[in-house]
Asks: 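Sending over a structure as structure tokens; questions will come in a sec.
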Amino acid sequence: MENIAALSNEQITRDLLPQKFGRRGMIWTGSLIVLCLVGAYAYYRQLKYGLVVTNMRDYVSWGIYISNFVFFVAISLVGSLITAIFRLANVKWATPLTRIAEIIAVSAIVFASLIIIVDMGRPERFMNLFIHGRIQSPIMWDVIVIGTYFFISCLLLYFPLLPDLKILISVKEKTGKALNKLYRFQGSFWKGTKAQFRISDKAINILCIIIIPVAFCIHTVTSWLFATTYRPGWDSTNFGAYFISGAFLVGAGGVVVAMYVFRKAYHLDKYITPKHFEKMGRIVVLLALLYLYFNINEYLVPAFKMKKPEEAHLAQLFTGEYALLFWFAIMIGMIIPIIMLVFTKGRRPLPVFIAGVMVVIGAWFKRYLIVTPTLLHPFLPMQNVPESYHHYFPSWEEWAIAIGSLSGALLIITLFARIYPIIPIHETITEQHEEVEKK
Amino acid sequence: MSCNCGGNNCDKNSRRDFLLTSLLATAALAGCSDKKNPFTPEGEVIPSGEKVKLLSVDGEIIEMDKAFLKPVPDLPQLSNSEERKGIAGKKFVMVIDLARCKNLGKCREACNHAHQVHPGQNWIKVLGMEDSDHTAPYWQPTTCMHCDEPPCVKVCPVDATFKRQDGIVLIDSDRCIGCRFCMAACPYSTRVFNWEEPILIKEVADDQEVVGHHYSCETSTPQKKGTVGKCDFCPDMARKGELPHCVSACPNGVFFFGDMNEDSVTNGAETFQFSQLIKDKAGYRLMEDLGTKPRVYYLPPVNRSFPYESGLENEKQEDKKAN
């Protein structure tokens, strides 16, 4: 952070304080709210008429709700990567990115939980999971680890926020009365004493250590929802690692996109620098290579043997009905970003941002391809069912709810950045001081 | 217990049925409190002088006037926990003889009717199978396999689908949360989902025996929106000492139902020793390699009663109906 060495504390604070929405911010937030409302209306229809408003039927009994759920769980893993793994590995340059990563994690995990309730035929019986819960079901494991991950992520968002809340409270005239009340409620006990910092640092360290196994659990268990069944395309011992590597990739892609947007929207050029994009570009390319490796494992080995149940499934992906989508997801989700990012020129902010967008879009469709085509290839032939049971394409309600949930996650991130500094002020100042002292 | 009553009931039912019914009736009596003593007549009763011997709650043989007895319209209602336990001493098993099936679909019809299955969906599917290009095609009626290692039960997060001591896998639609994990887990694709508010077709709605009772896991009716359903081996029929609907509906005697402990299966007209039948006809189970241990056995389609082609017209009708 050489270029902020010259800045004063006041300047940094002024730069990083949450800013009111401009015209573009208003349009953005307004559109997200509208999309959420459309999704809510679609869900109201689903509650009224039942899951019949979706195009899921007895064979394709899981559709984009579940693939969207997997996407959310995947992207939420980034919180543990940037915050915990980088912190424990003493990667200092990632400090400005921690809060971005953590809020992505929290909002994604919130919507992962919501979308799984949306998928339930009887959401009003949700409490049965606790009243009649049976521990041998992978769904119960998911409930447990996702709950745990949510709480740890919230704490990891909250503890590093405390010193910043103190700063926010001190600049009352700039933030307004209502927000000041909120800051006081959340952080007035924080005086910034040495003892408090010691406790906070210790707590954050402990959380960083425990969040890593929990993060691995949430996505491994999510992969087991599929891998514990017999179905071709899901029945794979590779699934846990395959999902984890894909999750870190989409999470890193998400952070890159968010970095770029926040940098532009809030004029944070001094704090999120081309150096950050260069380093994140390296991480994305590494993770994309890793994910590609697991993809080759996942598809090449069964394709080599071509067991009968696998054959129809693989043929449909490679050359059949889903071929276009499959190769699209592979290309823009992995191959093109890898080609772009291995070159130094490709790791400038804009290309990294574009690669990040491609990774995220590719990842969303990849999840769809993991869930749906498999269900169209049961062991016994699909007969004695209405014609509509032989295909699946999401209904408008499903699209509306899926898009609404994605908008909802973005809305949480947007509102969070409106209320709190998206780049940690206190940590930035501390590190600037360290830099100055070194010199 | 001796049968002194000489009433109509005894004439109609077989001895075995009567024994089962009376046993259950005794069990129900044992559970009764003083408040609802079935021996207390509702109105004025004039003793007839004809005595009947009964087993009392304490296990003593008692005698009472026949006039005080009132006929029980049906078996006593079972509690949910009773339904979850299943029928003691039974291990139900089904044998499906592929050599006799010509895809008439009577099994499916009777099953859908009795279980109020949503129009378009089927609990029993009669699949036109052809294992490879040069092997003979055959019709395969497919029910729930009632696996001894049921993958669906393993994954259910709320114990809404469960395995009973009599071997039957059932669904409790009052508990099911509709996550459909069981549907993904079942390799036989036997489970269906109530995607919308259940619709009763006219014939079912008119049938007083089928509609109009409260929900029970054993009858699986009435169907409930947002929950999973599947073939239940008709345990309500077994309790009455009767055969499942598909078995009695099939005019060709394809389905055999019975008890492994008794080692006998019957299609209503013929009764076989189960172990001998499987041995003689080389019975097998579906997808043995998955380790699910089904309770449904198939007899291979050899020495067939009908050529495969004779079932094709029925197939067309089914397709028309489906579309």
Side-chain angles (χ1 to χ4, degrees), chain A residues 47-62 66 116-117 119-143 224-226 228-231 234-235 308-309 371 374-375 378-389, chain B residues 105 108 119-122 124-132 140 142 151 153-160 162 172-198 224-228 286-287 290-292 315 318-319 321-323:
Chain A
L47 284 178
K48 194 169 165 195
Y49 300 110
L51 281 163
V52 71
V53 302
T54 71
N55 277 345
M56 292 186 279
R57 290 298 178 262
D58 289 348
Y59 285 103
V60 183
S61 52
W62 283 346
I66 294 291
I116 210 76
I117 294 172
D119 187 68
M120 284 166 61
R122 300 299 292 241
E124 78 278 13
R125 294 183 184 167
F126 181 76
M127 287 313 286
N128 278 8
L129 286 169
F130 304 99
I131 302 166
H132 302 293
R134 289 161 88 232
I135 200 67
Q136 87 273 35
S137 168
I139 287 189
M140 286 310 293
W141 309 345
D142 231 0
V143 170
W224 287 348
L225 296 183
F226 306 99
T228 50
T229 70
Y230 296 100
R231 300 197 178 244
W234 291 354
D235 180 9
K308 199 179 159 195
V371 175
T374 280
L375 288 166
F379 287 103
L380 294 173
M382 292 195 277
Q383 291 174 18
N384 292 201
V385 289
E387 165 62 20
S388 60
Y389 284 34
Chain B
R108 197 168 49 209
Q121 289 178 319
N122 297 294
I124 299 178
K125 294 184 182 115
V126 186
L127 305 175
M129 301 288 288
E130 189 166 11
D131 296 339
S132 70
Q140 177 183 289
T142 313
V153 171
K154 256 193 221 167
V155 300
C156 179
V158 295
D159 204 16
F162 48 89
D172 185 345
S173 297
D174 277 339
R175 188 179 287 184
C176 174
I177 59 170
C179 70
R180 309 190 295 291
F181 198 0
C182 54
M183 299 177 76
C186 175
Y188 306 97
S189 308
T190 201
R191 291 175 167 249
V192 303
F193 190 72
N194 283 305
W195 298 99
E196 59 187 317
E197 202 60 61
K224 297 194 172 189
K225 180 176 127 181
T227 64
V228 177
L286 297 186
M287 301 177 212
L290 299 183
T292 51
E315 179 67 3
E318 164 60 27
D319 273 359
K321 249 190 257 169
N323 294 332

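Just so we're on the same page: letters track the sequence lines, and every chain starts at 1. Everything numeric in this text was worked out from a predicted model, so none of it was measured.
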Asks: Is there a side chain to side chain contact (heavy atoms under 4.5 Å, CB included) between Phe181(B) and Leu225(A) once you walk through the steps?
Replies: CA-CA 8 Å; Phe181(B) 198 0; Leu225(A) 296 183; 3.9 Å; yes
Asks: Hey, is the main chain of Pro187(B) close enough, under 3.5 Å, to the side chain of Arg231(A) for a donor-acceptor pair?
Replies: no
Asks: Are the side chain of Gln383(A) and the backbone N or O of Gly128(B) linked by a donor-acceptor pair below 3.5 Å?
Replies: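 Confirmed, Gln383(A) side chain pairs with Gly128(B) backbone.
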Asks: Just so I know, are the side chains of Trp195(B) and Val53(A) near enough to count as touching, which here means a heavy-atom distance under 4.5 Å?
Replies: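 The answer is no; the side chains never approach within 4.5 Å.
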Asks: Tell me, side chain or backbone of Ser61(A) under 4.5 Å from chain B's heavy atoms, or both, or neither?
Replies: both
Asks: Looking at CD1 of Ile177(B) and CE of Met120(A), how far apart are the two atoms once the value is rounded to the nearest 0.5 Å?
Replies: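 Between atom CD1 of Ile177(B) and atom CE of Met120(A) there are 4.0 Å.
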Asks: Select one option (side chain, backbone, both, neither) describing which atoms of Asp172(B) are under 4.5 Å from chain A's heavy atoms.
Replies: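 Neither part, no heavy atoms under 4.5 Å.
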Asks: Taking the side chain as every heavy atom from C-beta outward, state whether Asn122(B) and Val385(A) have any pair of such atoms under 4.5 Å apart.
Replies: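 Asn122(B) vs Val385(A): side chains apart.
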Asks: Between Arg134(A) and Val153(B), is there a donor-acceptor pair closer than 3.5 Å when you use the side chain of the first and the backbone of the second?
Replies: yes
Asks: Select one option (side chain, backbone, both, neither) describing which atoms of Phe226(A) are under 4.5 Å from chain B's heavy atoms.
Replies: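 Contact with chain B is absent: no heavy atom of Phe226(A) under 4.5 Å.
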Asks: For the side chain of Asp58(A) and the backbone of Phe193(B), is there at least one donor-acceptor N/O pair under 3.5 Å apart?
Replies: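 Yes, the answer is positive, given that a donor and an acceptor are paired below the 3.5 Å cut-off.
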Asks: Any side-chain heavy-atom pair from Tyr49(A) and Glu196(B) closer than 4.5 angstrom?
Replies: no
Asks: Which of these passes side chain to side chain donor-acceptor pair (under 3.5 Å) with Asn384(A): Arg108(B), Lys125(B), Gln121(B)?
Replies: Arg108(B)
Asks: Could you tell me whether the side chain of Thr229(A) and the main chain of Ala185(B) form a donor-acceptor pair under 3.5 Å?
Replies: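 No, the answer is negative, given that no donor and acceptor are paired below the 3.5 Å cut-off.
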Asks: A side-chain contact here means heavy atoms from C-beta on lying under 4.5 Å apart; do Val52(A) and Glu197(B) qualify?
Replies: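 No - every pair of side-chain heavy atoms lies 4.5 Å or more apart.
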Asks: Determine whether the side chains of Arg175(B) and Asn128(A) contain a donor N or O and an acceptor N or O closer than 3.5 Å.
Replies: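 Asn128(A) and Arg175(B) do not have a side-chain donor-acceptor pair below 3.5 Å.
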Asks: Could you look at Ile117(A) and say if it's the side chain, the backbone, both or neither that has a heavy atom under 4.5 Å from chain B?
Replies: neither
Asks: Looking at Gly120(B) and Pro386(A), what are the two nearest heavy atoms and their distance?
Replies: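 Heavy-atom minimum between the residues: O-CD, 3.2 Å.
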Asks: Mark yes or no for whether Arg122(A), through its side chain, and Lys225(B), through its backbone, hold a donor-acceptor pair below 3.5 Å.
Replies: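 Flag set: sc Arg122(A) to bb Lys225(B) pair under 3.5 Å.
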Asks: Kindly check if the number of other-residue, nucleotide or ligand heavy atoms within 6.0 Å of NZ (Lys154(B)) is above 12?
Replies: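 Open: at most 12 neighbouring heavy atoms sit under 6.0 Å from NZ of Lys154(B).
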Asks: Side chain, backbone, both or neither: which part of Trp234(A) has an atom under 4.5 Å from a heavy atom of chain B?
Replies: side chain
Asks: Is there a side-chain contact between Tyr230(A) and Pro151(B), using heavy atoms and a 4.5 Å cut-off?
Replies: yes
Asks: Between Trp62(A) (side chain) and Cys179(B) (backbone), is there a donor-acceptor pair under 3.5 Å?
Replies: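 Answer holds: yes.
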Asks: Could you pull out the closest heavy-atom pair between Leu129(A) and Pro157(B), with the gap in Å?
Replies: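 For Leu129(A) and Pro157(B), the tightest heavy-atom pair comes out as CD2-CB, 3.7 Å.
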Asks: Does any backbone or side-chain atom of Val126(B) lie under 4.5 Å from a heavy atom of chain A? Answer side chain, backbone, both or neither.
Replies: both
Asks: Ile139(A) vs Val155(B), test: side chain to side chain contact (heavy atoms under 4.5 Å, CB included). Steps then yes/no.
Replies: CA-CA 7 Å; Ile139(A) 287 189; Val155(B) 300; over 6 Å; no
Asks: With side chain to side chain contact (heavy atoms under 4.5 Å, CB included) as the test, would you mind laying out the steps for Leu380(A) and Met129(B) before giving the verdict?
Replies: CA-CA 9 Å; Leu380(A) 294 173; Met129(B) 301 288 288; 4.1 Å; yes
Asks: For Met56(A), is it the side chain, the backbone, both, or neither that has a heavy atom closer than 4.5 Å to a heavy atom of chain B?
Replies: both
Asks: For Arg180(B) and Asp119(A), run side chain to side chain contact (heavy atoms under 4.5 Å, CB included): C-alpha distance rounded to whole Å, both residues' side-chain angles, the deciding distance at 0.1 Å, then the answer.
Replies: CA-CA 9 Å; Arg180(B) 309 190 295 291; Asp119(A) 187 68; 2.8 Å; yes
Asks: In Å, rounded to the nearest 0.5 Å, how long is the span from OG of Ser189(B) to CZ of Phe379(A)?
Replies: 8.5 Å
Asks: Go through the atoms of Phe130(A) and report whether side chain, backbone, both or neither lie under 4.5 Å from a heavy atom of chain B.
Replies: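 Neither part.
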Asks: Thr292(B), Leu286(B), Asp174(B): which one forms the most heavy-atom pairs within less than 4.5 Å of chain A?
Replies: Asp174(B)
Asks: For each of Gly105(B), Ala184(B), Cys186(B), Ala160(B), tally heavy-atom pairs with chain A at distances under 4.5 Å, and name the one with the top tally.
Replies: Ala184(B)
Asks: Let me know if Ser132(B) has heavy atoms under 4.5 Å from chain A in its side chain, its backbone, both or neither.
Replies: neither
